[in-house]
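The next block holds one structure in the form of structure tokens; read it before the comments.
Below, read A as the first sequence line, B as the second, and so on, with proteins coming before strands; counting in each chain starts at 1. These numbers were taken from a predicted model, which means no experiment stands behind them. Values reported hereafter were calculated over all heavy atoms of this structure, with side chains retained and with hydrogens, waters and symmetry mates removed.
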There are 2 protein chains.
Amino acid sequence: MSAPPHEARPTGPGRALPDTQQGMRRRNLARVMHAVSAEGPLSRAAVASHIGLTRAAVSTLVDELIRTGLIEELGPERPGRVGRPGSALAVSGRGPAGIGAEIGVDHLAVCAVDLRGEVRARAVRHGTNRGRAPEPVLRELTGLVRRVVADAEREGLWPAGLAVAVPGLVGRDARTVVRAPNLDWHDVDLGALLPGEFPLTVDNEANFGGLAELWLGADTPRDFLHVSAEIGIGAALVVDGSLLRGTRGFAGELGHVPVHPDGPDCGCGSRGCLEQYAGEEAVLRAAGLELGEDRVGLLARRAADGDEEVRRALREAGTALGVALTGALNLLDPEAVVLGGALAGLAPWLLPSLESELARRTAGPPCPVSVSRLGPEGPLLGAAHSVVRAVLDDPAAVAGRG
Amino acid sequence: MSAPPHEARPTGPGRALPDTQQGMRRRNLARVMHAVSAEGPLSRAAVASHIGLTRAAVSTLVDELIRTGLIEELGPERPGRVGRPGSALAVSGRGPAGIGAEIGVDHLAVCAVDLRGEVRARAVRHGTNRGRAPEPVLRELTGLVRRVVADAEREGLWPAGLAVAVPGLVGRDARTVVRAPNLDWHDVDLGALLPGEFPLTVDNEANFGGLAELWLGADTPRDFLHVSAEIGIGAALVVDGSLLRGTRGFAGELGHVPVHPDGPDCGCGSRGCLEQYAGEEAVLRAAGLELGEDRVGLLARRAADGDEEVRRALREAGTALGVALTGALNLLDPEAVVLGGALAGLAPWLLPSLESELARRTAGPPCPVSVSRLGPEGPLLGAAHSVVRAVLDDPAAVAGRG
DNA sequence: CTAATTTGTAAACGGCCATGACGAAATAGT
DNA sequence: ACTATTTCGTCATGGCCGTTTACAAATTAG
């Protein structure tokens with residue numbers, strides 16, 4: 001018997017729960033979880049003042065969360081001020097875990113993250129997946145998942161769900177890979193090919209990278225654009241703390257924004273798309289390099305070595321990116337732009353031309369552009385954390401399991 | 001004593017109410033209002049099954065709404081089927097009213113809309129406002145508002161709030177006009193210049209036009225782009241039934257999306273912005289016409305008369321619009337594009353080139369482009385309805401007043 | 001060592017929706 | 001015409017949930 005799928009991508013604490021007393025209760029449980037999770041160890045009284053309920057109400061909520069193993073009582077706080085010291089509460093390190101997986105072009109990776117946000121187990125397999133059929137790849141991925149789950153269970157965790165990051169477009173059902181050019185996959189239903197023991201969510205790697213930035217970034221705002229690139233160039237649009245997905249789930253296709261409308265033909269049918277100027281293939285071609293393994297690393301090394309041809313190619317890519325981003329900034333007015341994925345490693349050579357292009361084309365103060373500190377880890381962490389967030393968003397839904 | 005400002009632009013039924021029984025009650029009151037408002041006359045039992053509460057609970061909610069004058073009992077329904085007929089409920093036509101106002105380049109307009117969505121009073125003053133100082137314009141507008149309010153009050157309505165549509169950028173405080181090029185206004189705080197008797201909201205005319213389309217359009221989806229143009233070209237981005245405003249409130253600036261990055265200089269500092277190809281001035285220049293009054297009407301007449309120069313200018317504007325929209329569609333993946341405002345009147349000559357450009361640049365089925373049936377009335381109606389929606393979204397907040 | 005302060009819990013209270021029963025008002029069947 | 005059936009609106013009851021109030025416990029300030 002497979003577990004029921006968790007609510008498709010909840011966007012906030014306890015959204016869409018019915019407006020009845022039970023729904024209220026569930027939302028308040030979620031608020032307690034969020035407060036304890038975000039603000040570190042907290043006493044019941046502190047939680048109460050954070051979320052605006054009374055100490056008595058919080059007491060019963062916390063009791064329930066402790067009974068279900070989602071919260072732990074750490075013991076009395078060290079008293080620094082007058083009054084009886086509170087008893088510190090923290091989210092449990094032995095409860096549910098989020099299993100994140102990433103299907104990259106050159107690797108597979110899986111990790112388990114506990115409610116505290118710590119990575120408690122991981123497994124990686126290197127080797128290209130380009131052009132391989134979905135079935136063998138997913139069999140391999142399943143093997144890694146089982147290993148990570150076993151490791152996590154040895155530490156007292158149980159898997160609350162699996163989230164898979166894919167380098168391609170994912171339908172709004174959060175299961176189907178509609179198109180993944182780098183893998184040459186089309187309309188692959190991952191739900192049918194992965195273990196059904198726990199709830200599954202599939203999403204674009206740019207989206208999960210953006211969520212990781214939102215949840216784990218140092219001072220990432222709640223409105224930003226997260227740009228990431230492998231062969232394609234994708235963006236995660238985070239608006240008011242949640243992802244903008246679009247009707248079909250295809251939002252954020254920055255790579256096919258027209259940069260020079262009469263430019264070279266693009267595989268998408270259009271002409272002069274950003275991808276023709278800043279995509280991996282285009283940059284390699286402009287730099288006079290061959291395609292091969294670890295293409296991004298190669299570019300970075302050559303650029304660092306002072307290869308002027310490579311540097312010029314990257315400068316021009318940055319300029320094109322700047323043009324496309326100008327359009328996006330005019331449309332979305334975000335608070336920041338974050339470069340993630342492969343772009344993070346090439347940032348030193350992309351940023352100057354990108355930023356000067358933005359400055360040139362923006363009237364007021366230009367939108368700040370920063371580089372993700374998560375780098376290539378973003379999508380994997382975002383995937384795992386998305387499961388953790390789902391638990392925080394509705395702890396009652398998880399209480400029965402485990 | 002002025003009324004408290006209503007919650008800044010609520011986005012959905014009863015968002016952000018505290019999770020306590022009172023908040024639950026308020027949300028349920030809102031759900032009853034929405035059901036009755038949207039689904040026409042409804043019996044208590046029908047409301048109950050619509051919103052998922054029991055008949056008993058709905059009874060008490062309806063009693064409260066009747067007491068506060070927001071809902072009226074129309075009397076027994078004509079029984080078509082077996083069983084005791086219900087008593088039809090409808091939102092009141094004599095309760096609160098939304099006052100909408102529009103500051104256009106060539107006119108001022110004010111109207112009052114009741115909870116049923118009917119326009120119950122209106123006032124218009126023609127004459128250009130281009131280059132006039134804010135104070136006299138707003139004095140004039142205040143006069144119109146007072147007249148409309150007086151008319152509405154004669155019909156048993158009372159003003160629940162004033163919403164003003166402006167042809168320019170509005171800050172997130174929903175009071176300040178940051179920049180309105182057509183009026184030559186900068187950083188004007190409308191809150192200080194308009195009567196403080198009722199809650200005030202100010203927004204971009206494109207945004208209010210988009211909301212009107214969302215609320216009043218025949219079968220407008222919950223995800224669409226509403227493009228409108230006077231001198232500037234603005235877009236309202238409706239995502240999942242609510243407006244995307246951006247951090248500073250400047251989202252939707254389609255007019256400054258780069259179309260030809262090396263094109264002619266634009267006032268914004270960039271080059272080749274959409275506005276340089278599809279803006280009113282650019283089109284008039286391309287058509288070899290002078291600037292003057294009723295410029296859009298002139299273009300439409302000439303085009304209808306078969307003026308080939310004008311038609312070519314509009315075709316090229318449509319093409320440029322298509323390029324910019326391609327970018328927007330790739331980023332946002334909406335369900336539809338709606339042309340409103342001045343563009344609606346020129347649609348016959350813009351649409352062919354626009355749609356062929358979209359078709360050329362889109363891989364899958366192209367995003368459908370339609371024309372607003374509200375036309376130039378959109379922003380005014382959207383403004384008035386935004387106040388009505390605020391009442392529907394939290395009827396309890398309004399209960400005390402009036 | 002006492003007063004003050006803060007924490008956590010327990011009992012009483014009040015608000016709110018669900019449940020179940022009932023009268024009212026219509027139709028359907030005999 | 002009369003009864004059975006169905007549906008509507010309401011009332012009384014009960015359970016759930018957060019609040020209020022009170023109190024014991026644990027710490028600091030003086």
Q: Output the single nucleotide from C:dC16, C:dC17, C:dA26 whose closest atom is nearest the side chain of B:A57.
A: C:dC17
Q) Would you say C:dC17 has OP1 or OP2 under 4.0 Å from some side-chain N or O of B:N28? A) yes
**Q.** Integer-rounded Å distance: C:dC16 P and B:R31 CZ
**A.** 15 Å
Q) Want to settle it: does B:R44 or A:P76 sit nearer the 5' end of DNA chain D, counting the closest nucleotide to each? A) B:R44
Q: Tell me which of B:R25 and A:A45 sits closer to the 5' end of DNA chain C, going by the nucleotide each one is nearest to.
A: A:A45
Q. Is any NZ, NE, NH1 or NH2 atom of the basic residue among B:R120 and B:E153 found under 4.0 Å from an Asp or Glu carboxylate oxygen of the other?
A. no
(Q) Closest approach to the side chain of B:A56, judged atom by atom: which nucleotide of C:dG20, C:dG23, C:dC16 is it? (A) C:dG20
Q | B:R78 CZ to D:dC8 P, straight-line distance once rounded to whole Å | A | 17 Å
**Q.** Presence of B:T54 side-chain N/O under 4.0 Å of C:dC17 phosphate oxygens OP1/OP2
**A.** no
Q: Rounded off to whole Å, could you give me the CZ-to-C1' distance for the A:R26 and D:dC16 pair?
A: 15 Å
Q. C:dT7 base to A:R84 side chain: any donor-acceptor pair below 3.5 Å?
A. yes
**Q.** Spacing of A:L53 atom CG relative to D:dC16 atom P, expressed in whole Å
**A.** 19 Å
Q) Given that A:G52 and A:G83 both sit by DNA chain D, which one's nearest nucleotide is further toward the 5' end? A) A:G52
**Q.** Spacing between B:L61 atom CG and D:dG9 atom C1', to the nearest angstrom
**A.** 14 Å
Q | side chain to side chain contact (heavy atoms under 4.5 Å, CB included) partner of A:L70, the single match among A:V36, A:L115, A:L392, A:L29 | A | A:L115
Q | Distance in angstrom units between B:Q22 CD and D:dC17 P, rounded | A | 17 Å
Q | Minimum-distance nucleotide (side-chain atoms of A:V82 versus D:dC8, C:dA4, D:dC17) | A | C:dA4
Q.
Without decimals, in angstroms, what is the distance between A:E77 CD and D:dT28 P?
A. 13 Å
Q: Report yes or no: do B:T220 and B:R373 form a side-chain donor-acceptor pair below 3.5 Å?
A: no
Q) Is there a donor N/O on one and an acceptor N/O on the other, under 3.5 Å, for the side chain of A:Q21 and the base of D:dC16? A) yes
Q | Any B:S59 side-chain N or O less than 4.0 Å from OP1/OP2 of D:dT10 | A | yes
Q | Value in whole Å for how far the P atom of D:dA22 lies from CZ of A:R55 | A | 14 Å
Q: Determine whether A:I51 and A:H34 make a side-chain contact, defined as any pair of heavy atoms from C-beta on separated by less than 4.5 Å.
A: no
(Q) I want to check something: taking the side chain as every heavy atom from C-beta on, are A:V32 and A:V62 in contact at a cut-off of under 4.5 Å? (A) yes
